[in-house]
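What follows is a set of notes on a single structure, which appears directly below.
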Amino acid sequence: MPNQSPFIFQPWLFVLWCMAGWIGKQQQEVIDYLVTENAILREKVGGKRILLDDDQRRRLAVKGKVLGRKRLRQIKTLFTPDTLLRWHRRLVAEKHTYPGSGKSGRPKISVDTEALIVRLANENSTWGCDRIQGELRKLSVIVSDTTVQNVLKSNGIEPQPTRKDGTSWSEFLAAHLDCLGAIDFTTVDVWTPKGLRTIYLLFAMQIGTRKVQCLGSTEHPDEAWMLEAVDRVTADDGIFGGENHPTIVLMDRDTKFSKAFRAKLENKEVKPHVLPPRSPNLNAHMERFIGTYKRELARQMIFFGKSMLDKATAIFLEHYHDERPHQGLDNERIMKFEHPPPDKGEIVVDKRLGGLLKSYSRAA
């Protein structure tokens, strides 16, 4: 029997996933509405001055600094960019103004402690002042909840109930990456004795690790060929096989992902999930890989025959896993090595495919 996966398929996960594109559109509509609302309020207020307290000025100044002068002018804020930036400069000046030694009262907290409070608040949107205070105590940093509240105010961070509601989309996806896989086709035109032919290549990916497997190439990806591809990807050495394999695989509506293909995946304890039409952003990791494959290999070579394409693809995948750094993995390689690379020695270049793929390292 295949190993039971620790992950449980939950339909609501993909309802939210499929709403990603819709949410982006809704957010833009909300922004457009607020811009119009601000413009109408400016017309109503006219030349009258709006009085704000120090805390309100501080919050607007922090948000306005992030946007910058150009974007502030575009959204027609109630206050001019110069006003917001002046408030920001005042906020910076107050931050670096220290009371004289003759004044009494509780001593100021250190810059490091203030930075730590801000970091905990920014990285944990559901934490209030008491929760942050408790976490600081675990780190042997003793402050009061009032001090935490004052630090958040001075840095323009809103109270927890209004700071952010719930988990961000990126946090949600990051929590579920290990149970997700993806599968998709790409095509490459090759020269054969019969002329130019289109070859289909089928790739599968473990989204959490970014490992990719080429399941084969063919001119005619019929159902029999597709069912053989399932056997390859779910074998013990396949990326959808073995322990802790992905339990859900994302795929588009391509008719080659037939009912029989999906049923065989389910028999292997891999749940296929067909994405909505015209939604490549919902399979973004696979789309990015295919873009990398085409940009760094397929568009840089002329292939004479399917065997040449298969060999070049295998070499590219070795480079992709062992040598190429990946932005989504903090510029680390997919296959990490036990010993760190030397920090001294001559820098040498390793070339594959005649130098089309290069990797640099230090000679031992």
Side-chain angles (χ1 to χ4, degrees), residues 177 180-219 221 225 228-229 232-233 235-242 245-246 280 283-364:
L177 284 182
L180 294 177
I183 193 166
D184 203 1
F185 277 98
T186 190
T187 59
V188 178
D189 291 325
V190 304
W191 288 99
T192 70
K194 296 181 180 180
L196 198 60
R197 291 288 187 268
T198 298
I199 301 296
Y200 291 83
L201 297 99
L202 182 60
F203 290 102
M205 170 187 282
Q206 285 182 347
I207 293 180
T209 63
R210 304 299 199 276
K211 291 181 180 177
V212 175
Q213 180 181 359
C214 181
L215 304 183
S217 63
T218 181
E219 281 190 62
W225 187 88
E228 291 175 1
R232 288 191 286 272
V233 77
D236 289 341
D237 57 349
I239 64 172
F240 292 171
H245 63 79
N283 201 4
H285 295 90
M286 177 58 80
E287 293 288 339
R288 185 180 181 107
F289 165 76
I290 289 177
T292 299
Y293 173 81
K294 285 184 171 291
R295 184 175 58 255
E296 298 186 4
L297 178 70
R299 294 173 184 161
Q300 305 298 324
M301 293 183 65
I302 299 175
F303 298 100
F304 298 96
K306 176 178 171 297
S307 60
M308 180 180 177
L309 173 64
D310 291 341
K311 182 177 180 180
T313 300
I315 292 173
F316 172 80
L317 288 179
E318 290 178 3
H319 169 77
Y320 183 84
H321 288 108
D322 298 339
E323 299 170 348
R324 189 184 188 279
H326 297 269
Q327 295 179 24
L329 300 176
D330 294 327
N331 271 328
E332 294 287 343
R333 292 170 292 186
I334 292 176
M335 304 301 292
K336 297 180 175 62
F337 298 96
E338 272 187 43
H339 304 291
D343 55 2
K344 294 181 180 180
E346 180 186 0
I347 296 177
V348 296
V349 57
D350 298 317
K351 298 180 180 180
R352 296 177 184 261
L353 296 174
L356 182 62
L357 305 174
K358 297 186 181 70
S359 175
Y360 295 85
S361 59
R362 292 187 181 274

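All values below were derived from every heavy atom in this structure, side-chain atoms included, with hydrogens, water molecules and symmetry-related copies excluded.
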Trace of the side chain to side chain contact (heavy atoms under 4.5 Å, CB included) decision for Thr198 with Glu219: CA-CA 6 Å; Thr198 298; Glu219 281 190 62; over 6 Å; no
Pair Arg288-Met205, side chain to side chain contact (heavy atoms under 4.5 Å, CB included): steps then yes or no: CA-CA 11 Å; Arg288 185 180 181 107; Met205 170 187 282; over 6 Å; no
His321 vs Arg333, side chain to side chain contact (heavy atoms under 4.5 Å, CB included): CA-CA, chis, key distance, verdict: CA-CA 7 Å; His321 288 108; Arg333 292 170 292 186; over 6 Å; no
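Looking only at side-chain heavy atoms (C-beta outward), Lys358 and His319 stay at 4.5 Å or farther from each other. Looking at heavy atoms from C-beta onward, Leu309 lies out of side-chain contact with Lys306 at the 4.5 angstrom threshold. Residues Tyr320 and Val212 form a side-chain contact, since some pair of their non-hydrogen atoms from C-beta on lies under 4.5 Å apart. Put simply, the side chain of Phe316 reaches to within 4.5 Å of the side chain of Glu296, judged on heavy atoms. For the pair Arg210 and His285, the minimum side-chain heavy-atom distance is below 4.5 Å. Residues Val348 and Ser361 form a side-chain contact, since some pair of their non-hydrogen atoms from C-beta on lies under 4.5 Å apart. Under the 4.5 Å side-chain criterion, counting only non-hydrogen atoms from C-beta, Leu317 is in contact with Cys214.
Between Leu201 and Ser217, the shortest heavy-atom contact is CG-CB, 4.0 Å. Between His245 and Gly241, the shortest heavy-atom contact is CB-O, 3.5 Å. Here the shortest heavy-atom pairing between Ala182 and Met286 reads O-CE, 3.5 Å. Looking at every heavy atom in both residues, Pro246 comes nearest to Gly181 through CB-N, 3.7 Å. Annotation for Gly216 and Trp225: closest pair C-CZ2, 3.5 Å, computed over non-hydrogen atoms. Nearest heavy atom pair, residue Ala204 against residue Val233, reads CB-CG2, 3.7 Å.
Residue-environment remark: NZ (Lys294) exceeds the threshold of 12 foreign heavy atoms within 6.0 Å. In this structure, Ile302 places its CD1 atom where only 12 or fewer heavy-atom neighbours from other residues, nucleotides or ligands lie under 6.0 Å away. In this structure, Asp236 places its CG atom where only 12 or fewer heavy-atom neighbours from other residues, nucleotides or ligands lie under 6.0 Å away.
Glu318 has a carboxylate O that lies under 4.0 Å from a charged side-chain N of Arg352, or vice versa, which qualifies the two as a salt bridge.
Side chain of His326 to main chain of Arg324: a donor-acceptor pair is present (N/O by atom type, distance under 3.5 Å, no hydrogens or angles). Side chain of Gln213 to main chain of Ile239: a donor-acceptor pair is present (N/O by atom type, distance under 3.5 Å, no hydrogens or angles).
When only modelled atom types and interatomic distance are considered, Ser359 and Asp350 share no side-chain donor-acceptor pair under 3.5 Å.
Distance check: Thr187 OG1 to Tyr200 OH gives 7.0 Å after rounding to the nearest 0.5 Å. Separating the CG atom in Asp184 from the CD1 atom in Ile290 is a distance of 4.0 Å, to the nearest 0.5 Å. Rounding to the nearest 0.5 Å gives a distance of 5.5 Å between CZ of Phe240 and CD1 of Ile183. Interatomic distance, OG1 of Thr292 versus CD of Glu287, reported as 11.0 Å (0.5 Å rounding). We find the OG1-CD1 distance between Thr192 and Ile199 to be 8.0 Å, quoted to the nearest 0.5 Å. In this structure, CG in Leu297 is found 6.5 Å from CG in Leu356, a value given to the nearest 0.5 Å.
The distance between the ring centers of Tyr293 and Phe203 falls below 6.0 angstrom.
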